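Presented below is the structure to which this report refers.
Every number for a ligand or one of its atoms is a count from 1 in the order of the listing. Bear in mind that the values here come from a model prediction, so they are computed numbers and not experimental data. Index from 1, following the sequence.
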Amino acid sequence: MKKFTCAQDIGPWREAVKEALDVKADKFAFTELGRNRTLLMIFFNSSLRTRLSTQKAAMNLGMNVMVLDVNQGAWKLETERGVVMDGDKAEHLLEAIPVMGSYCDIIGVRSFAGLKDKKEDYEERVIEQFIRYSGRPVFSMEAATRHPLQSFADLITIEEFKTKPRPKVVLTWAPHPRALPQAVPNSFCEWMNLTDYDFVITHPHGYELAPEFVGGAKVEYDQRKAFEGADFIYAKNWSAYADPNYGKVLSADMSWTVDADKMQLTDNAFFMHCLPVRRNMIVTDDVIESPRSIVIPEAANREISAQTVIKRMLEAL
Ligand code: AN0
Ligand code: CP
């Protein structure tokens, strides 16, 4: 595997999940594979899970790991070509990327959407430049439009917990005080659309996701109706995608918070969220603390999705 930025890059999903479950059953079966190999993780944004789980995954494979927080101690980077660099940015990405590539074998990049310029975000300008100019395999640790390591972990988790061959999985928008990217819901849709699950998306009017991510999924504007008979509730906030409101918070409608009353409408569904989650905005304390909440095993599977992807990249070096 030379790059991992979207669902397509994983190939047949059942094989990928099987490989992931094999990795999980014996995390230290490939400690020689990464010997004297170096992973460089580059963060343009904050992280708890991605940072720790990806580092752990690489260590399980015997790799050395370096982490760069671009906004803490590195030079401020210009990302656009042609700019007269007379401002506060001391270095251009076009030099920084090949330099970083020269110190490592594999690169992971986290670079969120700016939520100001839809075209710039949806062209994935930052991670695409890493792919082009680093000379190394590159994987996304959440880019502008997708978070594939999260979605792969989500798929593994659903496969582990499902009790029906074709579960009903509901992605629900929920309120949040700040504007968040569409990367997690976009990516979740992309991965759910690989499967034959009964996949339903629910959100208030105005929060429609990009059609290329919604694909053939059902969109239901009545959240309570969407919850009926669900086996998995996947909550997430996102900002508006549609023009002229791209990147905006249209409402923080608290009637969309996932609570015990709504969970009653489901078929005893499991509750999922990628974390970090704002309690009593996205989900009530009792739902996230309930025995049906699987947010912790879901987060634990981030180590497994990362290890599977890095393993495939090491095998292709
Ligand atoms: C980020 C987002 O919504 O994309 C990261 C989630 C994994 N969340 C926040 O910034 C709170
Ligand atoms: N779910 C996730 O990616 O979490 P972090 O932002 O903490 O890495």
Side-chain angles (χ1 to χ4, degrees), residues 4-6 39 41-58 65 67-72 108-116 118 121-122 124 126-127 139-158 171-191 201 203 207 209-210 213 234-241 246-250 252 256-258 271-283 288 293-310:
F4 179 72
T5 61
C6 61
L39 170 67
M41 295 161 62
I42 301 160
F43 288 93
F44 287 84
N45 312 92
S46 307
S47 168
L48 185 152
R49 277 144 292 274
T50 303
R51 174 184 299 258
L52 297 177
S53 63
T54 310
Q55 178 158 359
K56 178 63 165 54
V65 182
V67 183
L68 180 69
D69 288 296
V70 173
N71 298 321
Q72 281 168 30
V109 182
R110 166 163 283 200
S111 174
F112 288 179
L115 295 178
K116 288 190 174 67
K118 182 195 273 189
D121 289 343
Y122 275 69
E124 289 285 7
V126 174
I127 197 157
F139 65 88
S140 165
M141 300 194 297
E142 185 172 340
T145 64
R146 294 172 177 88
H147 192 0
L149 284 175
Q150 181 64 51
S151 310
F152 186 16
D154 296 334
L155 177 61
I156 296 164
T157 309
I158 294 172
L171 166 64
T172 181
W173 181 93
H176 188 276
R178 300 216 184 115
L180 294 183
Q182 296 104 36
V184 170
N186 281 347
S187 212
F188 188 69
C189 292
E190 191 176 69
W191 286 69
I201 307 168
H203 55 69
Y207 283 104
L209 293 165
F213 289 105
Y234 190 97
K236 183 72 183 87
N237 172 268
W238 61 88
S239 60
Y241 167 77
Y246 179 70
K248 293 209 171 81
V249 175
L250 305 179
W256 280 74
T257 301
V258 177
F271 175 81
M272 298 178 73
H273 189 281
C274 64
L275 307 182
V277 71
R278 290 189 186 235
R279 284 179 173 222
N280 304 308
M281 290 287 307
I282 303 280
V283 58
I288 198 164
S293 168
I294 53 172
V295 296
I296 307 303
E298 178 185 2
N301 276 336
R302 290 293 307 277
E303 178 183 346
I304 307 308
S305 63
Q307 192 170 332
T308 308
V309 167
I310 298 168

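Counting only N and O atoms by type, the side chains of Tyr246 and Asp121 include a donor and acceptor under 3.5 Å apart. A donor-acceptor contact closer than 3.5 angstrom links the side chains of Gln182 and Ser239. When only modelled atom types and interatomic distance are considered, Asp154 and Gln150 share a side-chain donor-acceptor pair under 3.5 Å.
Inclusion of Pro276 in the set of residues having an N or O under 3.5 Å from an N or O of ligand 2 is not warranted. Residue Arg51 has no N or O atom closer than 3.5 Å to an N or O atom of ligand 2. At a 3.5 angstrom cut-off on N or O pairs, Lys236 counts as close to ligand 1.
Remark: side-chain polar atoms of Glu142 are not paired, donor with acceptor, to backbone N or O of Phe112 under 3.5 angstrom. In terms of modelled atom types and a separation under 3.5 Å, the side chain of Arg110 and the main chain of Ser46 share a donor-acceptor contact.
With distances taken over non-hydrogen atoms, the option nearest atom 5 (P) of ligand 2 out of Leu48, Thr54, Asn45 is Leu48. By heavy-atom distance, the residue among His147, Met141, Arg49 lying nearest atom 3 (O) of ligand 2 is His147. Of the listed residues (Pro276, Pro181, Ser187), the one carrying the non-hydrogen atom nearest atom 2 (C) of ligand 1 is Pro181.
The shortest contact between atom 6 (O) of ligand 2 and any protein heavy atom is with Arg110 NH1, 2.8 Å. Summary of contacts: the protein heavy atom closest to atom 6 (C) of ligand 1 is Glu142 OE1, 3.7 Å. When only non-hydrogen protein atoms are considered, atom 2 (C) of ligand 2 lies nearest to Arg302 NH1, 3.3 Å.
In this structure, Glu142 has no heavy atom closer than 4.0 Å to ligand 2. No heavy atom of Asn237 sits closer than 4.0 Å to any atom of ligand 1.
Of all atoms in ligand 1, listed by their number and element, those nearer than 4.0 Å to a heavy atom of Leu180 are 3 (O), 9 (C), 10 (O), 11 (C). Per-residue contacts place Leu275 under 4.0 angstrom from the following atoms of ligand 1 (heavy atoms of the residue considered): 7 (C).
Here Leu275 has backbone heavy atoms under 4.0 Å from ligand 2, and that is the only part of it that gets that close.
Aromatic ring orientation, Trp191 versus Phe152: parallel (interplanar angle below 30°, classes split at 30° and 60°). Using cut-offs of 30° and 60° for the angle between ring planes, the Phe188 and Tyr234 rings count as parallel.
Partner Glu303 forms a side-chain hydrogen bond (donor to acceptor under 3.5 Å, both in side chains) with one of Arg49, Gln55, Lys56 and no other, that one being Lys56.
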- Message: Let's go through His147 and Thr50 carefully: what are the C-alpha distance in whole Å and the side-chain angles of both, what is the deciding distance for side chain to side chain contact (heavy atoms under 4.5 Å, CB included) to 0.1 Å, and is it a yes or a no?
- Response: CA-CA 10 Å; His147 192 0; Thr50 303; 4.0 Å; yes
